[in-house]
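Notes follow once the structure below has been shown.
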Amino acid sequence: MKIYLGADHRGFELKRKVFAYLEKRGYDVVDCGAKSYNKDDDYPIFVQAACLKLLGDQDSEDSRAILMCGMGQGVAMAANRFEGIRAAVVRDREEIIQSRKDNDANVLALPADILEKDDELTAAIIDAFLTAPFAGVERYRRRNRMIDKLEDA
């Protein structure tokens, strides 16, 4: 499984921890930026890089992305602009399990301001994101197709 990571300055330190955690567990990890700390950077650049790589990945059904910013909301909003991306902001393990099961979330948006100092919780969330299956129920698949078809009014 390939994991694409992206973070702005507020998520930068958490991204370094997440990268090391995933690499230690044998995942193929791709850092989509920021490559160095810059307090003036903007998360949409890193979100776009990670999402485009994820969507272009031949094995995208198995690949995922993890994005980080201060509260996770900004990176999730930016990611969800891409057709085929289903980003979920989560703060606990149960949220991501449900997001995988019901919504087939392929992008995890982490709130660095909350999780940066809680390595155990961060690890539990990431592990659940990478292992929890999509239920595959037809109504869930139908809803995902409907989301991808939504257009500006």
Side-chain angles (χ1 to χ4, degrees), residues 1-8 10-11 14-15 17-33 42-116 118-153:
M1 179 185 295
K2 191 173 281 190
I3 313 296
Y4 300 98
L5 301 182
D8 68 356
R10 284 174 65 191
L14 180 61
K15 180 174 65 81
K17 290 180 183 181
V18 169
F19 188 98
Y21 179 80
L22 292 169
E23 197 170 57
K24 185 184 238 183
R25 278 150 186 77
Y27 290 101
D28 183 2
V29 187
V30 178
D31 185 347
C32 297
D42 296 307
Y43 61 80
I45 295 164
F46 313 119
V47 169
Q48 180 177 18
C51 289
L52 290 177
K53 285 184 183 284
L54 177 61
L55 291 169
D57 190 335
Q58 297 296 338
D59 299 319
S60 62
E61 282 193 31
D62 291 328
S63 297
R64 312 265 169 83
I66 302 174
L67 305 172
M68 293 145 273
C69 67
M71 293 307 292
Q73 299 295 344
V75 293
M77 288 179 194
N80 282 322
R81 301 285 298 182
F82 292 88
E83 183 177 330
I85 295 293
R86 294 170 304 281
V89 181
V90 300
R91 290 171 179 76
D92 67 44
R93 186 176 174 278
E94 291 307 312
E95 283 180 308
I96 194 56
I97 290 171
Q98 285 304 122
S99 295
R100 286 284 309 133
K101 177 183 166 279
D102 295 355
N103 307 109
D104 196 18
N106 56 2
V107 174
L108 173 61
L110 294 176
D113 291 355
I114 294 170
L115 296 176
E116 189 171 58
D118 194 338
D119 295 344
E120 189 175 304
L121 177 57
T122 302
I125 291 169
I126 290 170
D127 290 344
F129 174 59
L130 299 177
T131 61
F134 173 48
V137 175
E138 179 51 36
R139 74 174 178 270
Y140 298 157
R141 291 181 188 280
R142 181 182 68 243
R143 291 172 186 162
N144 285 342
R145 288 190 302 270
M146 290 171 72
I147 289 169
D148 282 343
K149 300 291 184 235
L150 292 176
E151 297 180 17
D152 294 334

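Computed from a predicted structure; not experimentally measured.
Side-chain contact between N103 and I147 is absent, with no heavy atoms from C-beta onward closer than 4.5 Å. The side-chain heavy atoms of Y21 and D127, taken from C-beta on, include a pair separated by under 4.5 Å. Side-chain contact between L108 and R64: absent, with no pair of heavy atoms (C-beta onward) separated by less than 4.5 Å. A 4.5 Å side-chain heavy-atom check between D57 and Y4 finds at least one atom pair inside the cut-off. Counting heavy atoms from C-beta on, the side chains of L130 and I3 come closer than 4.5 Å. Side-chain contact between F134 and N144: present, with at least one pair of heavy atoms (C-beta onward) separated by less than 4.5 Å.
Using a 4.0 Å cut-off between a side-chain N of Lys or Arg and a carboxylate O of Asp or Glu, E94 and K101 do not qualify as a salt bridge.
The backbone N or O of D42 sits nowhere less than 3.5 Å from a side-chain atom of D8 that would complete a donor-acceptor pair. In this structure a side-chain-to-backbone donor-acceptor pair under 3.5 Å is present from R100 to A105. No side-chain donor-acceptor contact under 3.5 Å links D119 to the backbone of K17.
Checked against side-chain contact (heavy atoms from CB on, under 4.5 Å), P111 has the following partners two or more places apart in sequence or in another chain: R91, I114, L115. Partners of M77 by side-chain contact (heavy atoms from CB on, under 4.5 Å), not counting sequence neighbours, listed by chain and number: Q73. Scanning for side chain to side chain donor-acceptor pair (under 3.5 Å) contacts around D113 gives R10, with sequence neighbours left out.
Other residues, nucleotides and ligands contribute only 12 or fewer heavy atoms inside 6.0 Å of the CD atom of E120. A 6.0 Å sphere centred on NZ of K53 holds no more than 12 heavy atoms belonging to other residues, nucleotides or ligands.
A79 approaches C51 most closely through the heavy-atom pair CB-SG, 3.7 Å.
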